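Everything quoted here is computed from the prediction, not taken from an experiment. Below, read A as the first sequence line, B as the second, and so on, with proteins coming before strands; counting in each chain starts at 1.
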Amino acid sequence: MKQIRTRFAPSPTGYLHVGGLRTALYNFLFAKKNNGKFVLRIEDTDRSRYVEGAVENLIETLKWCNLTYDEGPDVGGPFGPYIQSLRLEIYRKYAHELVQKGHAYYCFCTTERLEKLRQKQIEQRLPQVKYDKYCLRLSEEEIEEKLEQKEPYVIRLNVPENNVIRFNDVIRETVEFDSNNIDDQILLKSDGYPTYHLANVVDDHLMQISHVIRGEEWLSSTPKHVLLYEYFGWEKPVFAHLPLLLNPDRSKLSKRQGDVAVEDYRAKGYLKEALINFVALLGWNPGNDREFFYLDDLINLFSLDRVNKSGAVFDLKKLQWLNGEHIRKKSVEELLPFLKDELKKSKYASLNLCDDYLKLIIESMHERIEFVHEILTKGYYFFQRPEEYESQSIQKHWKKETPEHLRLLISEFENLDEPHKHDYELALNSIAEKLQISKSKLIHPLRLSLSGMSAGPGIFDLLYILGKEEIKIRVEAAIEKISTMQINIT
RNA sequence: GGCGCCUUCGUCUAGUGGUCAAGGACGCCGCCCUCUCAAGGCGGAGAUCACGGGUUCGAAUCCCGUAGGCGCUACCA
């Protein structure tokens, strides 16, 4: 059987779009699943859209996602170069071959004439706006002369009239187009660069791509590609046009309505595992109820015939949930570098806390967060003393006798020698018993004193992490501050 | 405007002629667990399967039409 080869062929416009990530992922998964090769090819045939550093950024992001390719600009391969601007001679050669065969032709029309033509056709309410094949009627002598005089030209595809172009798509089955609706596409621009259509087909053939898996926006130009394969006498790849990713209002996913760059999500604290997992499920499912996957699981399970036809809204809420799921699956050890990283970026950068302390914090916050950076907000009291105390919680839990109880409690803690969680618990139990009150009468104001909040990890974890000394300082500070707050304490 | 693609709970989806007055997940609500918040467990609300016609004993599933959405319609990709 023929080797499976797929490719991800982005144009370097500055960053990797999440839609591009999904496309790259499906290409990667399909190749890996079938013991094939996955190729990265840069489609930089539009000089006006060149963005400095975009290729490096793309490669960096793909690597971050673990979507490793077998061949590509930086890793090489047998069909290089993998950057289209380095292959200009190849496209030129094939464009001219098509001219020779009569399937393409020189066109010397100026943009002015083209614009006028378009206007006229629109005014006439013609069903389709397209080139009138004017230059196809040029005689050989005329062409020779214009060429000699160095008149700028493009090469256009000679689309046949009254033809039905039919092709098969794995996802959409048979798709048909009337050739009369297809424009004589420019293949080679006047600056000598190819358009997408030519470069794409030539490279896919030369690089022996077996499956073209790309976004649905390409479906309507596929008949042009089909024509090119036929004119060159090349075997067509299998086509699979993926459903689009959508904004909440169901328009095509765009920058205006939120983040679209993978690096944005990365910067916001999304794990690559969550992003991959989420994006994989946008348009594909394994056929059962499972929703949690790592990349390797996806390789095993993926198949093109379980890809949907309709566009999918990019739902942040679900992504967030998945991020939480992936965080929960990670060990404290794995999460440590993430926390350190967040700390480095924060106002706590100069704190210099030891790993053991940080690991205890992670352990206690592990199931309470969807982002690692939430440890710094929801658990800010691990990094600084509370300056304020939730007034609702004061109202509810801070009684007249609370200061006295807390003082008793910390003096009991004083007696403990290198206490562990359990020791704090025993100490608290015994004080509660001595005072003839429920444990929660102590726990709630204690938590408030230590963290300023009413929510958080188990109280004994909190005590243990903070330690005797710090507990004492915080409790005393809380008693001081809260009693001067003049809130109605009952 | 033309051409193409699409259409099941708010969202992602299962479903390929009878087991579907439609199952799961996110989100939302409630209960349990519990020192709080989470996590977890249990339960609830939520889709007359875009609409209208057919075919069939029987349709979310097949056919036709309509509507809506989206994409393409560049010397952009």
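- Dashed line: the shortest gap from a side-chain N or O of A/K317 to OP1 or OP2 of B/A25 is not under 4.0 Å.
- Summarising the geometry, the separation between CD on A/Q128 and C1' on B/G2 is reported as 7 Å, rounded to the nearest angstrom.
- Closest approach of A/E374 and A/I369 over heavy atoms only: OE1-CA, 3.2 Å.
- Comparing the C1' positions of B/G68 and B/C51 gives a spacing of 10 Å, expressed to the nearest Å.
- B/C35 is unpaired under the criterion used here, namely a Watson-Crick or G-U wobble arrangement in which both key atom distances are under 3.5 Å.
- Within the 4.0 angstrom heavy-atom criterion, only backbone atoms of the sugar-phosphate kind lie near A/V313; the bases stay farther away.
- Atom name P, nucleotides B/U61 and B/U16: the rounded distance is 12 Å, in whole Å.
- If you check the side chains of A/S438 and A/S440, you find a donor sitting under 3.5 Å from an acceptor.
- In this structure, A/Q320 reaches neither bases nor backbone, as no heavy-atom distance under 4.0 Å exists between it and the strands shown.
- The phosphate of B/U11 (OP1 or OP2) has a side-chain N or O of A/R250 nearer than 4.0 angstrom.
- Taking atom CG on A/D305 and atom P on B/G15, their separation rounds to 11 Å, with Å as the unit.
- In this structure, the CG atom of A/L244 is 12 Å from the C1' atom of B/G69, given to the nearest Å.
- The side chain of A/K309 has B/C6 as its nearest neighbour among B/G15, B/C35, B/C6.
- Between the side chain of A/S190 and the base of B/C75 there is at least one donor-acceptor pair of N/O atoms closer than 3.5 Å.
- Straight-line distance between the C1' atoms of B/U19 and B/G30: roughly 32 Å, to the nearest whole Å.
- The partner of B/U66, taking Watson-Crick or G-U wobble pairs whose two distances both stay under 3.5 Å, is B/A50.
- Note on A/R172: only backbone sugar-phosphate atoms sit closer than 4.0 angstrom, heavy atoms only; bases stay farther off.
- Nucleic acid contact for A/S220: base, since at least one base atom lies under 4.0 Å from a heavy atom of the residue.
- Rounded to whole Å, atom P of B/A74 lies 10 Å from atom CD of A/E115.
- The residue A/G283 sits close only to the backbone: its heavy atoms come under 4.0 Å of sugar-phosphate atoms, none of a base.
- For B/C20 and B/C3, the C1' atoms lie 37 Å apart once the distance is rounded to whole Å.
- Which of B/A77, B/C75, B/A25 sits closest to the side chain of A/V154 comes down to B/C75.
- Of the nucleotides present, B/C3 is the one that pairs with B/G71 by Watson-Crick or G-U wobble criteria, both distances under 3.5 Å.
- Nucleotides B/U55 and B/C64 have their C1' atoms positioned 10 Å apart, rounded to a whole Å.
- Here A/L25 contributes atom CG and A/I276 contributes atom CD1; the two are 5.0 Å apart, rounded to the nearest 0.5 Å.
- Separation of the C1' atoms belonging to B/U7 and B/U66 is 13 Å when rounded to the nearest angstrom.
- Looking at heavy-atom distances under 4.0 Å, A/F278 makes no contact with the nucleic acid at all.
- In this entry B/U16 has no Watson-Crick or G-U wobble partner, no candidate having both defining distances under 3.5 Å.
- Of the candidates B/G4, B/C35, B/A77, the closest approach to any side-chain atom of A/T45 belongs to B/A77.
- Base contact: A/S454 has a heavy atom under 4.0 Å from a base atom.
- One cannot find a donor-acceptor pair under 3.5 Å joining the base of B/A38 and the side-chain atoms of A/K378.
- When rounded to the nearest whole Å, the span between CD of A/E216 and P of B/U7 equals 10 Å.
- Between A/K309 and A/E216, no side-chain nitrogen of the basic residue sits less than 4.0 Å from a carboxylate oxygen of the acidic one, so the salt-bridge criterion is not met.
- With P as the reference atom, B/A60 and B/G54 are 15 Å apart, rounded to whole Å.
- Geometrically, A/K329 engages A/F292 in a cation-pi contact defined by less than 6.0 Å to the ring centre and at most 45° from the axis.
- Toward the 5' end of RNA chain B, the nearer of the two residues A/E325 and A/T110, judged by each one's closest nucleotide, is A/E325.
- Going from atom CH2 of A/W321 over to atom P of B/U11 covers 18 Å, rounded to whole Å.
- One can place CG of A/N288 at 13 Å from P of B/A25, the figure rounded to the nearest angstrom.
- Remark: A/N200 is not in phosphate contact with B/A77, judged by side-chain N or O atoms under 4.0 Å from OP1 or OP2.
- The residue A/R214 sits apart from the nucleic acid: no heavy atom pair falls under 4.0 Å.
- Among the atoms of the strands shown, none is found under 4.0 Å from any heavy atom of A/S393.
- Comparing B/A39, B/U11, B/A77 by their nearest atom to the side chain of A/R328 picks out B/A39.
- Annotation: cation-pi pair A/R306/A/F302 absent, no NZ/CZ under 6.0 Å from the ring centroid and within 45° of its normal.
- Using Watson-Crick or G-U wobble geometry with both donor-acceptor distances under 3.5 Å, B/A25 finds its partner in B/U11.
- Figure legend. B/A60 is base-paired to no nucleotide; pairs are counted as Watson-Crick or G-U wobble with both atom distances under 3.5 Å.
- For the OP1/OP2 pair of B/A14 and a distance below 4.0 Å, the side-chain nitrogens and oxygens of A/N285 include at least one atom meeting the criterion.
- Distances from the side chain of A/R118 to the nucleotides B/C72, B/C75, B/G10 place B/C75 closest.
- A salt bridge does not link A/K468 with A/D423: none of the charged nitrogens is closer than 4.0 Å to a carboxylate oxygen.
- When the side-chain nitrogen and oxygen atoms of A/K318 are compared with OP1 and OP2 of B/C28, none of them lie within a distance under 4.0 Å.
- Side-chain proximity of A/K189 to B/G24, B/C75, B/C37: nearest is B/C75.
- Distances shorter than 4.0 Å separate none of the side-chain N or O atoms of A/R447 from OP1 or OP2 on B/U34.
- Each of A/P457 and A/F108 was matched to the nucleotide of RNA chain B holding its nearest heavy atom; the match closer to the 5' end belongs to A/P457.
- Counting any heavy atom pair closer than 4.0 Å across all strands shown, A/I459 reaches a base atom.
- Residues A/P160 and A/S179 approach most closely at O-OG, 2.7 Å, considering heavy atoms.
- With a 6.0 Å cutoff to the six-membered ring centre and a 45° limit on the axis angle, A/R474 does not count as a cation-pi contact of A/Y381.
- Atom pair A/D169:CG and B/G71:C1' shows a separation of 14 Å (rounding to whole Å applied).
- Aromatic ring orientation, A/Y231 versus A/H103: parallel (interplanar angle below 30°, classes split at 30° and 60°).
- Within the structure, a side-chain polar atom (N or O) of A/N308 is placed less than 4.0 Å from OP1 or OP2 of B/A14.
- Proximity of A/K252 to the phosphate of B/C72: a side-chain N or O atom is located under 4.0 Å from OP1 or OP2.
- B/G69 and B/A22 are spaced 24 Å apart, taking the C1' atom of each and rounding to whole Å.
- Nucleotide B/U55 has no partner under the Watson-Crick or G-U criteria, as no pair reaches both atom distances under 3.5 Å.
- With both pairing distances under 3.5 Å, B/C76 is matched to nothing as a Watson-Crick or G-U wobble pair.
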